[in-house]
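Below is one structure; the comments refer to it alone.
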Amino acid sequence: MISTWGEWKRYPRAGRGENIEAPISPGIYEVRFAGSGALHSFGAVDNVAQALSQLAVGSKSWFGRREPEGMPDLEYRTCATSSKADAKAAAERMIGRRETYMSGAA
């Protein structure tokens with residue numbers, strides 16, 4: 001069983017005390033660049049919140065800290081599923097639809 005996509009939310013910036021709001025369950029996530037809408041990351045995972053928190057979204061300095069000016073302006077949305085298998089099946093359908101659309105638009 002797949003639920004619907006949540007609203008787009010701004011990806012938390014390091015050092016601001018912001019949190020990721022995502023299910024602690026299987027599902028799909030999509031991360032995009034806010035300005036252009038271009039895809040940054042997409043995945044079907046066991047734990048959506050954990051996957052989003054582990055994404056590499058900024059550059060790191062020599063001292064292991066994220067550099068704020070290197071942090072892109074990102075947005076994310078999530079979709080919970082009842083199992084990882086459901087998440088993978090839904091992700092494959094979405095990828096297939098996207099490829100079909102792009103081949104027709106080209």
Side-chain angles (χ1 to χ4, degrees):
M1 176 89 191
I2 184 170
S3 64
T4 59
W5 282 103
E7 295 293 318
W8 286 102
K9 299 174 186 170
R10 172 177 235 121
Y11 199 87
R13 293 183 179 263
R16 290 193 179 176
E18 300 171 338
N19 296 313
I20 291 174
E21 297 175 20
I24 305 172
S25 64
I28 307 166
Y29 68 87
E30 184 174 15
V31 180
R32 70 181 182 184
F33 293 94
S36 66
L39 184 65
H40 176 278
S41 304
F42 176 83
V45 294
D46 283 324
N47 184 323
V48 178
Q50 182 179 24
L52 284 172
S53 70
Q54 294 176 347
L55 279 180
V57 295
S59 60
K60 289 196 173 189
S61 73
W62 278 78
F63 303 107
R65 296 179 186 226
R66 293 189 187 275
E67 297 176 8
E69 66 276 354
M71 177 75 170
D73 190 18
L74 300 175
E75 297 176 319
Y76 70 97
R77 66 179 180 166
T78 63
C79 180
T81 60
S82 55
S83 69
K84 187 173 180 183
D86 287 345
K88 282 188 170 189
E92 288 172 4
R93 283 192 306 273
M94 287 177 199
I95 291 168
R97 278 190 236 138
R98 198 172 272 175
E99 288 173 353
T100 301
Y101 172 79
M102 294 306 285
S103 66

Item checked: Rounded distance [0.5 Å steps], CD in Glu30 versus CE in Met94 ->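 Between Glu30 CD and Met94 CE, I get 8.0 Å after rounding to 0.5 Å.
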Notebook entry, point to check: Partners of Tyr29 by ring pair (Phe, Tyr, Trp, His ring centres under 6.0 Å), sequence neighbours excluded?
Noted result: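 Once residues adjacent in sequence are excluded, Tyr29 has no partner under the ring pair (Phe, Tyr, Trp, His ring centres under 6.0 Å) criterion.
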Note to self: Any non-hydrogen side-chain atom of Asp86 less than 4.5 Å from a side-chain atom of Pro26?
What the structure shows: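 No, every pair of side-chain atoms sits at 4.5 Å or beyond.
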Next item on the list: Answer yes or no: is there a side-chain heavy-atom contact under 4.5 Å between Leu74 and Leu55?
Entry: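 With C-beta onward as the side chain, the pair stays apart.
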Next item on the list: List the atom of Ala22, the atom of Val48, and the distance in Å for their closest heavy-atom pair.
Entry: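 Smallest interatomic distance, heavy atoms only, reads CB-CG1, 4.0 Å.
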Checklist line | Closest heavy-atom pair and its distance - Thr81, Ala87 | finding: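 Scanning both residues completely, I find the closest heavy atoms to be OG1-CB, 3.4 Å.
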Check: Is Trp8 reachable from Ile20 through a run of I, L, V, M, F, W or Y residues, each pair having side-chain heavy atoms under 4.5 Å apart?
Finding: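 No, Ile20 and Trp8 fall in different hydrophobic clusters.
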Note to self: Strictly distance-based, threshold 3.5 Å: is any side-chain N or O of Tyr11 a donor or acceptor partner for the main-chain N or O of Leu52?
What the structure shows: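 Answer holds: yes.
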Check: Aromatic rings Phe42 and Trp5: how do their planes relate, parallel, tilted or perpendicular, breaks at 30° and 60°?
Finding: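 Taking Trp5 first and then Phe42, their aromatic rings sit tilted (interplane angle of 30° to 60°).
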Note to self: Would you say that more than 12 heavy atoms from the other residues, nucleotides or ligands in this model lie under 6.0 Å from the NZ of Lys9, or not?
What the structure shows: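 Result for NZ/Lys9: enclosed.
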Notebook entry, point to check: According to the salt bridge (charged side-chain N to carboxylate O under 4.0 Å, His left out) rule, which pairs have a member within residues 32-50, sequence neighbours left out?
Noted result: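 Those involving residues 32-50 are Arg32-Glu75.
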